[in-house]
Amino acid sequence: MDSNKRRLSIDLHIHSTASDGTLTPTEIVSVARHQNLAAIALTDHDTVAGVNEARRFANQCGLQFLSGIEISASPPGGFNIKGSLHILGYGIRPDDPQLNAILARLQKARYDRNPKIIDRLNQLGISITLKEVEKEVVSGLLGRPHIARVMVKKGQAASIDDAFDHYLGQGKPAYVDKFRIEWDQAIQLIRQAGGVAVLAHPVLIELPTKNSLESILKQLMSSGLQGLEVYYPDHTPEDVARYKALARGMGLIETGGTDYHGSLKPDIQMGCGAGDLSIPYEIYQTLIKHINP
Ligand code: AMP
Ligand code: ZN
Ligand code: FE
Ligand code: FE
């Protein structure tokens with residue numbers, strides 16, 4: 001019994017067809033059950049449209065479930081960040097009016113950006129249309145991974161990663177920036193909707209110096225950041241140890257997840273990432289103590 005308990009693991013970073021994952025919220029809950037996960041959170045980009053369906057099915061299956069969101073934010077002034085500043089929100093009320101008003105704005109920004117990416121690709125000699133890409137979207141928001149998938153299908157890129165590396169990634173020729181909300185607004189939006197705000201995948205932030213993660217965390221905490229994503233497939237064991245120590249020292253809650261996207265991130269499996277990740281259930285138990293009812 002004890003050893004069984006020790007093995008309980010969770011996944012708090014999952015994307016569904018509501019954004020750019022390839023499994024529906026119901027299918028995600030089924031896979032989580034199949035993988036014997038004790039708890040999951042759904043963290044789609046810029047939408048909570050999958051949350052109610054996932055919660056309903058999770059309740060039926062006896063799987064512990066947390067609502068969530070992942071918001072891309074602009075970094076604080078003075079921080080020369082090249083990578084992704086993503087804020088996760090856990091336990092948010094999906095019907096919160098302020099949250100939904102901002103999400104509608106972010107969704108519109110995406111909608112306006114996609115034809116610009118297609119135009120860039122066309123200018124680069126890649127023959128692709130928005131219609132072709134729209135067919136890839138089951139029900140949710142169109143993102144760059146959907147464009148990458150069409151490019152792979154048409155033989156214009158060797159893999160999704162290859163499409164990002166040569167065309168779609170930040171700084172690449174078909175990259176188009178999109179409107180982001182400010183870091184402090186993202187954190188406050190999550191907090192006022194009853195959620196816990198967490199900095200996602202710190203390894204992907206690409207800070208100019210090694211030592212400044214602590215300074216950016218301090219700044220984010222001044223606006224209400226409460227947690228740090230310690231467990232993540234791209235984090236080496238050394239990264240995990242470093243982030244864990246940083247979280248403990250700064251009074252931040254530890255979280256973790258795989259950033260599961262189904263077949264749009266084919267090397268990542270729910271619950272175990274590239275195969276060797278295990279996120280302890282205690283992480284979930286601590287996190288839910290900080291969520292406002
Ligand atoms: P978008 O929402 O359109 O900005 O696209 C963001 C999504 O693209 C995220 O889900 C990332 O997982 C994915 N992504 C970003 N950079 C890369 C990359 N270099 N290779 C593969 N996927 C990526
Ligand atoms: Zn994504
Ligand atoms: Fe992210
Ligand atoms: Fe993600």
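It should be emphasised that the depicted structure is a prediction, and the values quoted were computed from it without experimental measurement. For ligands, and for the atoms within them, numbers begin at 1 and follow the listed sequence.
Taking a cutoff of 4.0 Å between a charged side-chain nitrogen and a carboxylate oxygen, E136 and K153 qualify as a salt bridge.
Side chain of S9 to main chain of S278: no donor-acceptor pair is present (N/O by atom type, distance under 3.5 Å, no hydrogens or angles). Looking at S67, its side chain does come within 3.5 Å of a backbone N or O of I92 through a donor-acceptor pair.
Distances from the Fe ion (ligand 4) show that H13 has an N/O/S atom below 2.8 Å. Within the coordination shell of the Fe ion (ligand 4), defined by N, O or S atoms under 2.8 Å, H15 is present. Counting backbone and side-chain atoms alike, H45 contributes no N/O/S atom closer than 2.8 Å to the Fe ion (ligand 3).
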key: Stepwise ring-ring contact (aromatic ring centres under 6.0 Å, His included) check, Y243 with H235   = CA-CA 9 Å; Y243 296 142; H235 293 172; 4.8 Å; yes
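Distances from the Fe ion (ligand 3) to the N/O/S atoms of H86 are shortest for ND1.
Around the Zn ion (ligand 2), the angle linking D20 (OD2) with H45 (NE2) is 100°, rounded to 10 degrees. With the Fe ion (ligand 4) as the vertex, OD1 (D259) and OE1 (E70) define an angle of 170°, rounded to 10°.
Classification of the H45-H86 ring pair by plane angle, with boundaries at 30° and 60°, yields perpendicular.
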